[in-house]
Amino acid sequence: MSQGITIGQYMPGNTIVHRMDPRSKLISLLVFIGGIFTVPGFPGLMVFLVLVLLLLFFSRVSYRQVLRGLRPIMVIVFLTLVLHVFFTKGGVVLWRMGQFTIEYDGVHLGVFTALRLITLVFYTMLVTLTTTPLDLTGALEYLLKPLKYLRIPVSEMAVIVMIALRFIPTLMEESSRIVKAQMARGADLGGGNLFRKARALVPVMVPLFVSAFRRAEELATAMEARCYRPGIRRTSLRQSRATLTDYLIVAASCLLVVGAVFIT
Amino acid sequence: MFLEVNNLQHTYMPGTPFEVHSLKGVSFSVKRGEFIGIMGSTGSGKSTLLQHLNGLLKPSGGEVRVDGKPLFGGSISLKKLRTRVGMVFQYPEHQFFAETVYQETAFGPSNQGLPHAQVVGRVKEALHQVSLDYEQIKDRSPFQLSGGQMRRLALAAVLSMEPEALILDEPTSGLDPRGREELLGHIEKLHREQGLTIIMVTHRPSELVPHVNRIYIMHRGKMTLCGIPAEVFSRSRELKEMGIELPAPVHLVEELRRRGYNLSPGKLTTEEVCKEIATKVTTPEEECE
């Protein structure tokens, strides 16, 4: 049942990274993303890469999970690498075949961009693997609060995102149950050409939608029964509190990013 | 032996912090034509066990055998097996997808690759077995039926594959008393008249008592008790510890015995207990004299 885990799913733990305030985690993440994109050369990028590997190690997330998260982006990484290697020109010619050359700048830039992307994914994985989706949306809501003055319904959007996240595992479980039930009735899922595959999905998709709508209806009733009204000031059960450590970490990440950008 | 389970183990999501050992070495066997009841509190592994019986889950350890042949790594076709060992999930009406009752019931036999005429015959027979009127109901939407009818249709949708065994996971949950009564009646009739092997999981002991050959009690991934109903329900203290309720009549006799009434234990149904109490309790007239 390893398919029960989605990429980047929160893995419970009790390390410094897990305990950090989600808001400072998110800010640091944004700072690092900015840093990764502005850093012009290898030495600075290496600082970021080594740091994130250390953090991943200390937060004790399973390396298998991290590698799984890397898989979907590998295509893009590979593509940028190949494109740069073959089409970016400049520097020493490393290999020549007729008109066709591979030059130093191409290889350099290809490897650099690929590493940049991988580092980026590592940082996001570090945050999503150590923070519950609930905390993450809470933090996002907090950080987007200023947008309220532009009459953007931030809290409502956060509730929508939270509900969506909350129901991903539920719907996955539901779909696996429906798949099993139809298999028990001799359904052949997968196999055959595209048309047959699509047809075979009907007995799974219809009940899944029916149940999703039923759940939505039940949830709406339950929320109304508890007096939920959109656009009202609401306190939350779990107040995240930023400690001194959190401020220090944010400050340190800022310094680090500035430093890393300057050394290269 | 029809179905054999040897030292079955199952672990969900091994190697992650979410790892759960759902079954920790379960063994039991079922003969053809038996009616078996399985009880256990939530999370005891009942549903996981059931899903192994027709190959929907692959064991992490141990094995399941049907007619002596192992389910995995042997010569058994899982697709064929699933039509022989019919499975009715909990809330089976949540799997309805077809536009009409006919299509819903015909899904199983069509998947078996039967010719149209035979499928029609199977559908008629299956609906008849659960007392749904074919002509009247075949073109209606399954979503428009009443709760009890939906449940019976779900049962028919499995019966139409003509299975040799029926596995039922809490078939009566969410039904009103009358719907429950009707459904149990149909299940019992299938067992008695068609000789179907039945394995049924339930939370209500009273649903098992009159019909079953044996009851298995599961607790935390293990089979902890097994025997005929009278044996199993005489172990009231152990059952209580495992969070399993006694049949109401048994509970009553036990309470009365504790208060000093001289009633003999081992009576399981309301009728038996009524008779027992009626013969043992002195009448008011006698007391007056």
Side-chain angles (χ1 to χ4, degrees), chain A residues 1-7 9-15 18 59-66 68 129-130 132 169-192 196 199-215 218, chain B residues 10-20 22 47-48 50-51 53-58 60 77-99 103-114 142-143 154 157-161 163 166-167 169:
Chain A
M1 282 279 289
S2 59
Q3 73 264 31
I5 300 177
T6 33
I7 287 157
Q9 189 187 334
Y10 170 67
M11 291 286 171
N14 189 23
T15 64
H18 282 88
S59 60
R60 299 209 197 109
V61 296
S62 90
Y63 68 94
R64 272 203 317 208
Q65 274 291 306
V66 180
R68 265 170 55 119
L129 283 172
T130 59
T132 64
T170 312
L171 287 181
M172 295 231 315
E173 206 173 284
E174 186 90 16
S175 69
S176 105
R177 252 188 42 183
I178 294 169
V179 165
K180 276 184 193 160
Q182 307 301 23
M183 269 163 68
R185 291 208 275 162
D188 217 346
L189 304 169
R196 274 197 52 179
R199 258 187 63 131
L201 274 181
V202 172
V204 176
M205 293 316 282
V206 173
L208 196 59
F209 271 97
V210 171
S211 100
F213 281 119
R214 189 180 52 237
R215 277 178 203 284
E218 283 169 3
Chain B
H10 193 82
T11 309
Y12 284 110
M13 300 208 228
T16 70
F18 302 107
E19 183 175 273
V20 177
S22 183
S47 298
T48 310
L50 292 191
Q51 288 176 31
L53 297 181
N54 65 352
L56 285 173
L57 287 179
K58 199 175 176 185
S60 310
S77 144
L78 284 179
K79 201 181 159 189
K80 252 187 207 139
L81 170 85
R82 287 179 190 138
T83 65
R84 287 176 59 200
V85 181
M87 170 114 185
V88 181
F89 277 77
Q90 209 175 350
Y91 293 104
E93 61 274 15
H94 288 184
Q95 292 120 41
F96 287 170
F97 69 94
E99 286 163 52
Q103 286 169 8
E104 191 69 55
T105 324
F107 184 63
S110 311
N111 285 332
Q112 283 174 285
L114 299 176
F143 295 97
V158 172
L159 288 175
S160 59
M161 299 189 297
L166 208 51
I167 301 175
D169 193 352

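What you see is a predicted model, and the numbers here were worked out from it, not measured in a lab. Per chain, numbering begins at 1; letters A, B, ... match sequence-line order.
- Proximity to chain A (any heavy atom under 4.5 Å) is restricted, for B:Phe96, to the backbone atoms N, CA, C and O.
- Interface residue B:Glu104: backbone and side-chain heavy atoms are both found under 4.5 Å from chain A.
- When all heavy atoms of A:Arg185 and B:Ala157 are compared, the pair lying nearest together is NH1-CB, 3.3 Å.
- Residues B:Asn54 and A:Ala184 approach most closely at ND2-CB, 4.0 Å, considering heavy atoms.
- Only the backbone of B:Gln90 comes within less than 4.5 Å of a heavy atom in chain A; its side chain stays farther off.
- The interface of residues 205-212 of chain A with chain B, defined by heavy-atom distances below 4.5 Å, comprises A:Val206, A:Pro207, A:Val210.
- Closest approach of B:Leu56 and A:Met183 over heavy atoms only: CD2-CB, 4.0 Å.
- In the displayed structure, A:Arg64 atom CZ is contacted under 6.0 Å by at most 12 heavy atoms of other residues, nucleotides or ligands.
- Contact record, B:Phe97 with A:Pro203: CG-CA, 3.5 Å, taken as the closest heavy-atom pair.
- The choice from B:Lys80, B:Lys79, B:Met87, B:Lys58 that makes the most heavy-atom pairs within less than 4.5 Å of chain A is B:Lys79.
- By the neighbour-count criterion of 12 heavy atoms within 6.0 Å, atom CZ of A:Arg60 is sparsely surrounded, having that number or fewer from other residues, nucleotides or ligands.
- Heavy-atom distances place both the backbone and the side chain of B:Gln95 under 4.5 Å from chain A.
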